[in-house]
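Each residue takes its place number in the sequence, starting with 1. Because the structure is predicted, anything quoted here is derived from the model rather than measured.
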Amino acid sequence: MPELPTSSSAGPVKGARKPKGEGHARRAEILEAAERIFVEVGYEGATIRRIADEVGLSSTALYMHFSEKSEILHEICRVAFARLQAMNQAVMDEPGPPDDRLRRLLEAYVAFGFDNPNAYRLTYLTRPVEARDGAQTAAQNLGGELYRAFEAVVQDVAAEGHLRGEARATAQTLWAGAHGVVSLMITKPYFDWVGREALTRSMIDALIAGLLKP
């Protein structure tokens, strides 16, 4: 089917140079700032200098952690997919029939999108021309692995005779429905939505009822 650092309300003072810190912590700061800036101004509009200023580094110091902007985007997407994969694995490890597991995977996917809106935008909603060196590669490789695992669960449901249609088409329809809820709500926050939980429940209930046999 997608833990990333999330933005905090109090960020570092722009332009203030920071003392050297732990490598992992500094990389996390860079990813957090870049994630926010990529969403605010677009991947093409973001610059290494702006990202460096956001975390109080020189551009030269930032290059010690990431060689180029596309590497930063790829890492954001890689970490996002790793987090989503961990959520999916937790669902797969729970006992229960395939149809229950399928519902929980859909719920986990939607929850991930709402809990990580910036990462979701960059991972699933970045334009191809911007993503060709970063998000697109991660989406094709890591995202492909996640989707194949999801499709396997749909095939398990089909093996038990609970699908109304063909497994591959059903899997893509389910994913498209879940993606639609997340993408619309995080990109159109001004719309008078009924609420995250209500809309998610209604969508998943409708998908399950329409595509699976009782």
Side-chain angles (χ1 to χ4, degrees), residues 1-9 11 31-46 73-92 99-131 134-136 138-140 142-147 149-151 153-154 169-212:
M1 282 291 188
E3 176 163 301
L4 258 165
T6 53
S7 301
S8 59
S9 58
L31 293 174
E32 177 184 343
E35 179 185 310
R36 183 171 58 253
I37 292 170
F38 287 159
V39 170
E40 288 176 356
V41 304
Y43 176 74
E44 293 296 337
L73 177 58
H74 185 276
E75 181 66 5
I76 289 171
C77 296
R78 187 197 67 77
V79 175
F81 280 124
R83 174 184 285 183
L84 184 53
Q85 187 172 39
M87 294 174 65
N88 285 354
Q89 190 59 52
V91 170
M92 299 293 286
D99 51 342
D100 286 350
R101 191 176 301 122
L102 179 61
R103 176 183 285 272
R104 292 198 300 270
L105 284 173
L106 290 170
E107 291 171 345
Y109 177 86
V110 172
F112 169 81
F114 285 134
D115 292 342
N116 304 275
N118 285 348
Y120 191 91
R121 282 174 180 251
L122 295 173
T123 303
Y124 287 107
L125 301 176
T126 303
R127 294 182 303 165
V129 67
E130 296 180 342
Q136 189 175 53
Q140 289 176 341
L142 303 174
E145 293 177 13
L146 283 169
Y147 177 77
F150 172 73
E151 190 176 60
V153 175
V154 176
T170 299
Q172 292 182 13
T173 302
L174 289 167
W175 179 49
H179 170 70
V181 169
V182 178
S183 60
L184 280 171
M185 292 194 78
I186 66 176
T187 59
K188 312 293 182 185
Y190 49 80
F191 186 78
D192 187 22
W193 300 108
V194 296
R196 164 182 162 176
E197 292 185 4
L199 188 57
T200 298
R201 183 170 54 251
S202 179
M203 171 61 75
I204 293 178
D205 285 348
L207 289 169
I208 296 294
L211 298 171
L212 273 63

Mutual orientation of the aromatic rings belonging to Y109 and Y120 [parallel < 30°, tilted 30-60°, perpendicular > 60°]: perpendicular
Inter-residue atom distance R78.CZ - Q85.CD, 0.5 Å rounding: 10.5 Å
Qualifying salt bridge (Lys or Arg N to Asp or Glu O under 4.0 Å) pairs, either residue in residues 104-114, two or more places apart: E94-R104
Heavy-atom closest contact (I186 atom, P189 atom, distance): O-CD, 4.0 Å
Under the side-chain hydrogen bond (donor to acceptor under 3.5 Å, both in side chains) test, residues paired with R101 that sit two or more places apart: none
Pairs meeting criterion side chain to side chain donor-acceptor pair (under 3.5 Å) with involvement of residues 189-212, two or more places apart: R103-D205, D115-R196
Over all atoms of both residues, closest heavy-atom pair of C77 and L122: SG-O, 4.0 Å
side-chain contact (heavy atoms from CB on, under 4.5 Å) between E35 and E32, worked out: CA-CA 5 Å; E35 179 185 310; E32 177 184 343; 5.9 Å; no
Intermediate values then yes/no, side-chain contact (heavy atoms from CB on, under 4.5 Å), I76 and F38: CA-CA 11 Å; I76 289 171; F38 287 159; 4.0 Å; yes
F150-W175 aromatic ring centre distance below 6.0 Å: no
Closest contact, heavy atoms only, V182 versus G113: CG1-CA, 3.7 Å
Heavy-atom side-chain contact between L174 and L105 under 4.5 Å: no
Pair L84-N116, side-chain contact (heavy atoms from CB on, under 4.5 Å): steps then yes or no: CA-CA 10 Å; L84 184 53; N116 304 275; over 6 Å; no
Partners passing side chain to side chain contact (heavy atoms under 4.5 Å, CB included) against A33 (at least two apart in sequence or in another chain): R36, E54, V55
Pairs flagged by salt bridge (Lys or Arg N to Asp or Glu O under 4.0 Å) wherever residues 172-183 is involved - sequence neighbours left out: none
Atom of L207, atom of G177 and distance for their closest heavy-atom approach: CD1-CA, 4.1 Å
Test side-chain contact (heavy atoms from CB on, under 4.5 Å) applied to M203 and L106, step by step: CA-CA 10 Å; M203 171 61 75; L106 290 170; over 6 Å; no
